[in-house]
Amino acid sequence: MSIQSLIHRVAEHFNPVLKNSKFKETGVLTPEEFVAAGEYLVYKCPTWSWESGRSNKRREYLPADKQFLITRNVPCLRRAEQMVFGLDDEEEQVGEDGWVSAYAGHKGVGGQGDDEIEEIGDIDNSSVQVPTAKEIERLTRGVDDVEIAAGEQDLDTPLGQVVEEEEEEEIEEIPSDIEDIPDIDDEFDGFDAVEDNDPAASTANTAGAGVATAPAGSDEDKILRTRTYDISITYDKYYQTPRVWLFGYDEQGKPLTARKIYEDISEDHAKKTVTTETHPHLAVQQASIHPCKHAHVMKKIIERAVESGRREIRVDQYLVIFLKFMSSVLPTIEYDYTMSTDI
Amino acid sequence: MSEVLRFEAFSSMVEPEFWAGLAHHKLHSARLDTARATVQGDFAGGRRHAARTSAAAAGTQRFAVPARLRVSQGTWGEARGNGAASDAQQPGTAVSVSGHLYNTNTIEEFKKHDKGSLLRCVGAEILDAIRSGEATRTPALLWPFLLLSFADLKRYRFYHWFAFPAVTADPPDLVVEAPMPLGELVAAGRDLGQLLAAYLAFSCQHERAAGAFVVRYCADARDGSSWELCPLSEWDSVFGSGRGEAMLGFVDPSSHSSRPGWPLRNLLAWLRYCHPEVARVRVLCFRDAVLALGGPREHASLAQQCESIVLSVEVTAAADLKAECQISGWERNDKQQLVPRMVNLSSTMDPVRLAESAL
């Protein structure tokens, strides 16, 4: 555990629970507002659900069964790097069904087009406008002067792993990135012929994994294997904002290393605001978007929406908008794909 | 058309919390005991993944993704006492299934384990559940999974292999019509909305019977409720009445446009045994379970998002369910080889880190 996260944890312990709503003035949330915003998110996008986590890590200012939000098995088709280069014509497209591109406005697209506002659709039949991902990114860029020690971390160990102690000599240590099982041969005992003689089992119709090979329409028959993520949102008592945690799996369901997860985070944020820490409600290490600037950005988004929109943003819509903000940090992870059509 | 009915196999998905629990279980309760233990898993309705295909294409395209069976961390909750809450589940509509864990003590044991007999053993239990009528009341008994594992606690590596036992039909069942999206069978979006509501009501009312059901659809129902969902035990009353369109339904984890998910295999085995008179049946592969949880939606968008399909299946003539029934189902890798897998991760069982997280 880094010094920073230790300090953070101690500080979080002594920081009083926020009682009065300050969300419009400062962009922060009380735990009650977090729960209300979570309820709205779960209602709008049922792929998100509440979870209670480990009971020994329960925070008493949140309901026992509503400690954090999680959505699992979220596909991630391409790497963030690919979004940056050579995809200029992807700029700010709204799909046929009002589907807003999560890739919009990334670095390399250029800083032009200042005040484009993109609709995220109707919230409760009243149109609320929020800034585009591009604007959000501009907002964030001005405020990224905080030092977070990500540089010293070992990026190649799978998350959840501890670097082994030195006296435990690893003679035939294998790089953790290795694809297959090294010390199991291909011979196995005890199979019946049944396995190879099963006409009803699906056969090798799998598409090449994720990267750059988005199959053409004729391949509809195939199963697309992509990286997937479990994304959770916890309430950070110190910063009084939601905080996003990521746990990634490769195309075969193996945990991703931190370095590989960084490939799916926009370059601007990967080095600065992403850290690997122990999940507050689980016993596993996960990558997390550091929340130090969340309140600031959310305040700006809310202000912008109030200026340009016809109506104010309600506090229970906070997380929906927060996720739009997150889509500028995690451009390729399409966690809101149920929501996109019908907010 | 008449083709062999193919099924989309499960893809196992294990959360790191599960392995942490397994290590704890091995160290503190099972120790050298390799007897079988029960673990919990679940699967939910399959959803295709919407993705933009190319920079030029303005629209989105939807792709089938693997059908997941998730092994939940809740498994170890009670054994550990202070551990993860056992209520951890996917959104309310997920179907819970239980699995058999064989955790070996050495890698050699893991390699040498008689994989065929393990499958036959679990397969025999599935057949027993069908014969005794237990599976009619609790369809989840049709879908146990098998997990053979070896936990290398020194190096924090978990060798494992899943099997999803399936009773093979010989000769295989046939699909006699092109699979039809549910949106085509029921023209009106209103009816889709009602199906979602009816499914939610059904799964709340019949918790044990969740996962598989018989369903009748009357397009012109006067009282407005066009769908009727019942437990499998009410097969005769639904199929016997002659009213409307009667179908066999199940929660389908597959998102493939024509292949149903693995659970249908054993459900058809159940059908062959319990209703041998049925030669042809329509199957509703219900994939919109998660969609059902959302609030009220526009009918148009429902019709667009609906993923369920309807299959017409010609069921193999009912052979006797013998214990020698062939069972298959070891999970293959992405190259379709039968090999085990290894996961390398450790932090959850490291006392130092646990102490830190308890701060």
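Just so we're on the same page: letters track the sequence lines, and every chain starts at 1. If you're wondering where the values come from, they're calculated on a predicted model, not measured in any experiment.
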So, the part of B:Val4 with a heavy atom under 4.5 Å from chain A: the answer is side chain
The side-chain hydrogen bond (donor to acceptor under 3.5 Å, both in side chains) partners of A:Thr234 (sequence neighbours excluded) come to A:Trp245
The interface call for B:Ser12 against chain A, heavy-atom contacts under 4.5 Å, is neither
Between A:Asp230 and A:Tyr249, do the side chains contain an N or O donor and an N or O acceptor separated by less than 3.5 Å? yes
Cut-off 4.5 Å, heavy atoms of chain A, and the answer for B:Pro172 is side chain
Residue set satisfying side-chain hydrogen bond (donor to acceptor under 3.5 Å, both in side chains) with B:Ser255, at least two apart, ordered chain then number -> none
Below 4.5 Å, heavy atoms only, C-beta onward: do B:Phe162 and B:Arg341 meet side chain to side chain? no
